[in-house]
J.: 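Can you read through this structure? Questions will come right after.
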Number of protein chains: 2
Amino acid sequence: MSVSLADLRGRDPQIFTDGCPTRTVLDHVMGKWGILVLLALSDGTQRWGVLRRNVAGISEKMLASTLKTLEADGLVRRTAYPEVPPRVEYALSPLGRDLMQRVLPLMEWVADHAADIVDRSA
Amino acid sequence: MSVSLADLRGRDPQIFTDGCPTRTVLDHVMGKWGILVLLALSDGTQRWGVLRRNVAGISEKMLASTLKTLEADGLVRRTAYPEVPPRVEYALSPLGRDLMQRVLPLMEWVADHAADIVDRSA
DNA sequence: CGGGATCCTGCACGATACTG
DNA sequence: CAGTATCGTGCAGGATCCCG
């Protein structure tokens, strides 16, 4: 049932080594803001302003650049409506939803154990 | 079956907000090297030197500091043998193994989709 | 409202050398 | 062998202003 690094390396020896695409994806998704944005979006389509409030502490610049990389990665879909004032909505793409299906259980675990972990290291 | 951020916020409204312990854990685990070290260790107990080779591209400094935070977080266990030359072994703690059970499926997904994602954004 | 452009700063991270 | 100590630096990320 469980997968190991050795298993993954069995399929592709270069996996998770330096310069490997997996590293790039990891950097995008696991960066400081990537997951938090994806996590917010897993609640459903959201406008820029709402997203900004839901990802507490993010700056406009980082929200913009994070969304751009995630969109380029095909994990997030951006929809702009030709209105005044402008309205732009962000949503997970099918690929993004697929990813979050793997991430959410992890987040749940983190939510459950974070306090313990931080206490220990204090 | 699926969990959402709203669900998690239902248990604790502060979850994943700024300054929340979850953010700290995320920074430790999801940082550039955290996961990669944990991933390598999920193959089993390893000595420092082996670990350094398995986590391709990591510097000694980063390996040392990453291991120290992960050990302080209670995710990694360090065992030093009073020998000459010194021998030190690192292993996942039970907590760390529990965590990796959630992380490995994610890594498998990333391994499977990384190429697509990077191609798209190129 | 939803960003882009610009400037600035810290610290995450790397390289090198040294040690018990 | 398994680290620490020291020194540099690039770039992630914050603050601010502006624009369609």
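Protein chains get the first letters and strands the later ones, always in sequence-line order, with residue 1 at the start of each.
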J.: B:Tyr90 near the nucleic acid: base, sugar-phosphate alone, or nothing, with a heavy-atom cut-off under 4.0 Å?
T.: sugar-phosphate

J.: Find the distance B:Glu89:CD to D:dG3:C1' and express it as a whole number of Å.
T.: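 Distance check: B:Glu89 CD to D:dG3 C1' gives 16 Å.
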
J.: Between A:Thr17 and A:Gln14, is there a donor-acceptor pair closer than 3.5 Å when you use the side chain of the first and the backbone of the second?
T.: yes

J.: Do the side-chain N or O atoms of A:Arg78 get closer than 4.0 angstrom to the phosphate oxygens (OP1, OP2) of C:dG3?
T.: yes

J.: For nucleotides 13-20 of chain D, read 5' to 3', which letter fits each nucleotide if B means a protein heavy atom sits under 4.0 Å from the base, S means only the sugar-phosphate is that close, and - means neither?
T.: BBB----B

J.: Nearest whole angstrom, please: distance from the P of D:dT4 to the CZ of B:Arg52.
T.: 14 Å

J.: Below 4.0 angstrom, N of the basic side chain to O of the carboxylate: do B:Lys32 and A:Asp27 qualify?
T.: no

J.: I need the CD-P distance between B:Gln46 and D:dC1, as an integer number of Å.
T.: 16 Å

J.: Which nucleotide in the set C:dG2, D:dT4, C:dG4 lies at the smallest distance from any side-chain heavy atom of A:Arg47?
T.: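 Given the options C:dG2, D:dT4, C:dG4, the side chain of A:Arg47 is closest to C:dG2.
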
J.: Which is it for A:Glu71 and A:Arg77 under the salt bridge (Lys or Arg N to Asp or Glu O under 4.0 Å) test, yes or no, and what are the steps along the way?
T.: CA-CA 6 Å; A:Glu71 195 198 350; A:Arg77 203 175 6 178; over 6 Å; no

J.: Under 3.5 Å, side-chain donor or acceptor atoms of residues 109-117 of chain B against the rest of the protein: list the pairs with distances, not counting sequence neighbours.
T.:
residue	atom	partner	partner atom	Å
B:Trp109	NE1	A:Asp98	OD2	2.8
B:Asp112	OD1	A:Arg11	NH1	3.4
B:His113	ND1	B:Trp109	O	2.9

J.: Starting at OH of B:Tyr81 and ending at P of D:dG3, how long is that distance when rounded to a whole Å?
T.: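 One finds 13 Å between P of D:dG3 and OH of B:Tyr81, rounded.
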
J.: Between A:Thr22 and A:Phe16 (side chain of the first, backbone of the second, donor and acceptor by atom type, cut-off under 3.5 Å), is there such a pair?
T.: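 Yes, A:Thr22 side chain to A:Phe16 backbone: donor-acceptor pair under 3.5 Å.
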
J.: Assess whether a salt bridge exists between B:Asp18 and B:Arg23, defined as any Lys/Arg side-chain N lying under 4.0 Å from an Asp/Glu carboxylate O.
T.: yes

J.: To the nearest Å, give me how far apart CG (B:Asp27) and C1' (D:dA12) are.
T.: 13 Å

J.: Quick check on the helix from C:dC1-D:dG20 to C:dG20-D:dC1: what's the angle between its two end axes, five base pairs per end, to the nearest 10°?
T.: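 If I round to tens, the end axes sit 60° apart.
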
